Undergrad: 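Quick one: the structure is below, questions incoming.
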There are 2 protein chains.
Amino acid sequence: MQDIITDKEREEKQSELVEIMGRISCRGGGTALSGRILGLLSFLDQEEFTFEEIVDRLKISKSSVSTTLNHLMESDRIEYITYPGDRKRYFRIKVNTPKTFIQTMRKYIERFENVNRAALELKKDRNSRSAKNIQAMLKSLTFWKAQIDEYEKEFNIDEL
Amino acid sequence: MQDIITDKEREEKQSELVEIMGRISCRGGGTALSGRILGLLSFLDQEEFTFEEIVDRLKISKSSVSTTLNHLMESDRIEYITYPGDRKRYFRIKVNTPKTFIQTMRKYIERFENVNRAALELKKDRNSRSAKNIQAMLKSLTFWKAQIDEYEKEFNIDEL
DNA sequence: TAGTCAGTTCGGAAACAATAGAACCAAACA
DNA sequence: TGTTTGGTTCTATTGTTTCCGAACTGACTA
């Protein structure tokens, strides 16, 4: 019933999703542009895109594409492959990489934990309202750290 | 051994932490200013601060304090109380409010889930690299949603 | 009624981030 | 050797936040 959809229609809808990805720009903070590139590499049926194709399809400048691609590669969310006898690089999403996101998350949590622990140490009265609040914070931070550990165990994120 | 610390020294250290909070500005995105205010209300021994005290201690303009306090109240991270015969409002941190943070998190995850699900629907070949990647994403998003549920159950975040 | 107190609101300056444009460069090719 | 291809790098330009100052307001007070 839903499969009477032409390839062209499908691609249009996919492109819409790419724009949406740009808007909810993504996986823990990025630019609209990086969201759109990730969307393109991820949502279309085509699996690999050259630099030029990205420029053409998303209508963004070469310079922006260049810097954004490099950021995305640095943060391990995309990669490129090459084919013998072809100078072009073919970009594609890297599979299974919520890793980086999780690691930033963990770092953030740890920094926050440290500050709060230090603050608690300095409290004159540990039963004060604010001190108790800090303790509650610390407890929930511990919870989230444990969840992250479990996540990493369960999904056993790929090693190099 | 560590308790031979004068009140003055303690306060200085606490103030340092306030500045740090400003820097890692906080609880899921806020300004340096809101971080510092949260730090002040949270890390010092004094439990309640008036508008003026905040202005004086943090050396930020009245206007900035005003808008920031209102934002923090809107997002439920601080509150104020009043005393009979006193026009001033006394601001203090609201206890136990990672709630809002968690809720934004959940919303974010859900939006992300929706886009990815839609993208998966549109895929011609569900066994393609990128389609499989989307499936993996969805699986981990499901995991995190479950963790959030568990968190809310475990910490049973306070109702009004 | 004027004056103070406890803030709020309104512009705008300063700082920062995102994108573009144009010049550049290195590898391959003719 | 010069030219094309596939990008990169280096300033602008533009847009967005963050924060401040100054003028304003509304409740109370003398």
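If you're wondering where the values come from, they're calculated on a predicted model, not measured in any experiment.
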Undergrad: State whether B/Glu121 and B/Arg117 are salt-bridged, where the test is any N-O pair (Lys NZ or Arg NE/NH1/NH2 against Asp/Glu carboxylate O) under 4.0 Å.
TA: no

Undergrad: So, is A/Arg36 close to the C/dT19 phosphate, meaning a side-chain N or O under 4.0 Å from OP1 or OP2?
TA: no

Undergrad: Considering only side-chain heavy atoms of B/Asn70, which listed nucleotide, D/dC19, C/dT8, D/dC20, is closest?
TA: C/dT8

Undergrad: Provide, to the nearest angstrom, the distance between the NZ atom belonging to A/Lys59 and the P atom belonging to C/dA20.
TA: 12 Å

Undergrad: What's the closest nucleotide to the side chain of A/Ser61 if the choices are D/dG7, C/dT9, C/dA20?
TA: C/dA20

Undergrad: Which nucleotide sits closest to the side chain of A/Leu33: D/dT9, D/dG6, C/dT19?
TA: C/dT19

Undergrad: Quick one: ring-ring contact (aromatic ring centres under 6.0 Å, His included) pairs with a partner in residues 51-81 of chain B, sequence neighbours left out?
TA: B/Tyr80-B/Phe91

Undergrad: Are A/Glu113 and A/Arg106 within salt-bridge range, i.e. N to O under 4.0 Å?
TA: no

Undergrad: Which whole-number value in Å describes the distance from B/Lys62 NZ to D/dA23 P?
TA: 13 Å

Undergrad: Hey, which of A/Glu47, A/Glu53, A/Glu79 is the one that makes salt bridge (charged side-chain N to carboxylate O under 4.0 Å, His left out) with A/Arg92?
TA: A/Glu79

Undergrad: In terms of the nearest nucleotide of DNA chain D, which residue is placed more toward the 5' end: B/Arg87 or B/Thr67?
TA: B/Thr67

Undergrad: From C-beta outward on A/Thr31, which listed nucleotide comes closest to its side chain: C/dT19, D/dC20, C/dT8?
TA: C/dT19

